[in-house]
Protein chains: 2
Amino acid sequence: MERVDTSLIALRRILRATEMFGRDLAKAAGLTPAQFRVLQVVAENGFSTPKAIATRMSVSQATMTALLDKLERKEMLTRQRSQKDRRQTDIVITPLGRAAMEDAPDALQQIFVRRFEALEDWEQAQLIASLERVASMLDAQEIDAAPVLDWGDISGRPS
Amino acid sequence: MERVDTSLIALRRILRATEMFGRDLAKAAGLTPAQFRVLQVVAENGFSTPKAIATRMSVSQATMTALLDKLERKEMLTRQRSQKDRRQTDIVITPLGRAAMEDAPDALQQIFVRRFEALEDWEQAQLIASLERVASMLDAQEIDAAPVLDWGDISGRPS
DNA sequence: CTTTTTTGCTTCGGTTGACTAAGTAACCCA
DNA sequence: TGGGTTACTTAGTCAACCGAAGCAAAAAAG
């Protein structure tokens, strides 16, 4: 009881901190957190498609179109019709986009990384174990039942 | 290096899961996550003021006004001029508001709580320690002072 | 080899959450 | 009384998101 509360409070602190760093980042980089995330996803391979990014970020395609519009206007990525499948659009990150990402590295990660690396070896190991445990407690898709309410299908598409 | 990455991935999984549950919750309860949070904050004591809630949630007062408007229209809380200080407005949760909260308990918490309670005693303890450590790594405002171990006030309100 | 269905993306209209700036009302102090 | 501060609201703006509707290309059916 007590303990659950304590852990929930810690969780909330983590979420809160993340939110705030997101905002700071937005100001520093001239990019909103959502735009930044798009850039990050595209940067992984240097290119992608709207559908793939939308799925990865779990937003609708409509939302993704809007985000891509903004990033394209800022010349941080380009759209071009795919050769293989002309329904698709290839999203390619531009040097400018890549530069923006590197100039404004994720503030949250920066801080976290710095501190994480300062920890003792065994502490790092334990933290990882715990974080992964929590993650799996939260994001396991096969939630058996979900008895309290019937929030339909949790994974992806809002009905 | 390796390890930092692993922990960041776990963190991202946690954030992502939270986001998604937030959305599901919104659909189930007819309340948006932000509205729900307001209700939760007010429910702690049964009443509050716009300023206090805004500070707690770290949004501007203007934003709070808008949120309160919506919740008031849904008759989940009431506004009434404070007696002591007539600049202030007392926000009081209504039975309907309380019912809404109880009907739609925070999905994320539900799941987390269930699983947390299923853990061994020592696992719980370790998880708490780790979560708090991460939280303090992230949310310490005064960056390099943040002695990693000052979580004195954990038992109640995240500042 | 057509027709139908599905898929990928965009457009449109609308909601929510968030901000700043400017306003009003009330309190506080001198 | 009058000036500064505080609490809240109003007005205007913007980002992120959604669902529905549309279009064009690919894939499946016939």
Side-chain angles (χ1 to χ4, degrees), chain A residues 15-16 19-20 22-27 29-39 41-42 47-74 76-92 152 156-159, chain B residues 16 19-20 22-27 29-39 41-42 47-74 76-92:
Chain A
L15 301 176
R16 218 179 102 82
E19 234 175 72
M20 310 233 298
R23 280 184 217 165
D24 293 344
L25 161 69
K27 287 193 178 149
L31 288 172
T32 64
Q35 290 168 12
F36 195 80
R37 261 180 287 143
V38 172
L39 232 41
V41 171
V42 178
F47 65 92
S48 192
T49 68
K51 178 69 187 293
I53 309 170
T55 305
R56 195 80 159 8
M57 289 177 57
S58 56
V59 300
S60 70
Q61 287 192 354
T63 300
M64 191 47 58
T65 295
L67 284 170
L68 294 174
D69 284 349
K70 280 166 200 154
L71 288 168
E72 195 180 25
R73 231 177 296 127
K74 293 184 193 193
M76 291 184 175
L77 45 78
T78 59
R79 276 193 254 227
Q80 54 197 65
R81 213 107 204 134
S82 166
Q83 305 281 323
K84 304 178 294 209
D85 184 339
R86 265 171 307 184
R87 288 168 303 183
Q88 286 184 316
T89 302
D90 287 337
I91 304 296
V92 182
R157 44 152 35 102
S159 67
Chain B
R16 219 180 104 81
E19 234 175 72
M20 310 232 300
R23 284 183 213 164
D24 293 339
L25 160 71
K27 297 217 162 123
L31 288 171
T32 64
Q35 290 168 12
F36 194 80
R37 261 180 286 144
V38 172
L39 230 43
V41 170
V42 177
F47 64 92
S48 191
T49 66
K51 178 68 187 293
I53 309 169
T55 305
R56 194 79 158 18
M57 289 178 56
S58 57
V59 299
S60 71
Q61 288 191 356
T63 300
M64 192 46 58
T65 295
L67 284 170
L68 294 174
D69 285 348
K70 280 166 200 155
L71 287 168
E72 194 179 26
R73 229 177 299 128
K74 293 184 193 191
M76 290 184 175
L77 46 76
T78 60
R79 276 194 254 226
Q80 53 196 65
R81 213 103 206 136
S82 165
Q83 304 280 323
K84 302 181 294 212
D85 183 341
R86 267 172 306 183
R87 287 168 305 181
Q88 286 184 319
T89 302
D90 287 336
I91 304 298
V92 182

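All chains are named by letter (A, B, ...) in the order of the sequence lines, taking the proteins before the strands, and each is independently numbered beginning at 1.
Residue-to-nucleotide proximity on DNA chain C shows that, of E19(A) and R79(A), the 5′-proximal contact is made by R79(A). The nearest heavy atom of DNA chain D to Q88(B) and to K70(A) marks one nucleotide each, and the one closer to the 5' end goes with Q88(B).
A close approach under 4.0 Å does occur between a side-chain nitrogen or oxygen of T65(B) and OP1 or OP2 of dT9(D). Side-chain N/O atoms of T63(A) include one lying less than 4.0 angstrom from OP1 or OP2 on dC18(D). For R86(A), a side-chain nitrogen or oxygen approaches OP1 or OP2 of dA26(D) to under 4.0 Å.
dA15(D) atom C1' lies 16 Å from atom CG of L39(A), rounded to whole Å. Here the C1' atom of nucleotide dT6(C) and the CD atom of Q61(A) are 13 Å apart, to the nearest Å. Atom P of nucleotide dC27(C) and atom CG of D85(B) are separated by 6 Å, given to the nearest angstrom. The separation between D90(B) atom CG and dA7(D) atom C1' is 12 Å, rounded to whole Å. Between L68(A) atom CG and dG8(C) atom C1' there is a gap of 13 Å when expressed in whole angstrom units. Going from atom CD1 of I53(B) over to atom C1' of dC8(D) covers 12 Å, rounded to whole Å. Here dA24(D) presents its P atom at 23 Å from NZ of K84(A), a figure rounded to the nearest Å. Remark: P of dC9(C) and CG of L67(A) are 14 Å apart, rounded to the nearest angstrom.
Side-chain atoms of S82(B) and R87(B) include no donor-acceptor pair closer than 3.5 Å. In this model, a donor atom of one side chain and an acceptor atom of the other lie less than 3.5 Å apart for Q35(A) and K74(A).
The side chain of A62(B) lies closest to dA21(C), out of dA21(C), dA20(D), dC17(D). Nearest to the side chain of Q35(A), among dA15(D), dC8(D), dC9(C), sits dA15(D). Across dT11(C), dT9(D), dG8(C), the shortest atom-to-atom separation from the side chain of R87(A) is found for dG8(C). Ranking dT5(D), dC17(D), dT9(D) by closeness to the A34(A) side chain, first place goes to dC17(D).
The residue S82(B) sits apart from the nucleic acid: no heavy atom pair falls under 4.0 Å.
Partners of R79(A) by side chain to side chain donor-acceptor pair (under 3.5 Å), not counting sequence neighbours, listed by chain and number: D69(A), E72(A).
Residue pairs satisfying the salt bridge (charged side-chain N to carboxylate O under 4.0 Å, His left out) criterion with at least one member in residues 52-61 of chain A, sequence neighbours excluded, are listed as follows: E44(A)-R56(A).
Within 6.0 Å of the CD atom in Q83(A), the count of heavy atoms belonging to other residues, nucleotides or ligands does not exceed 12.
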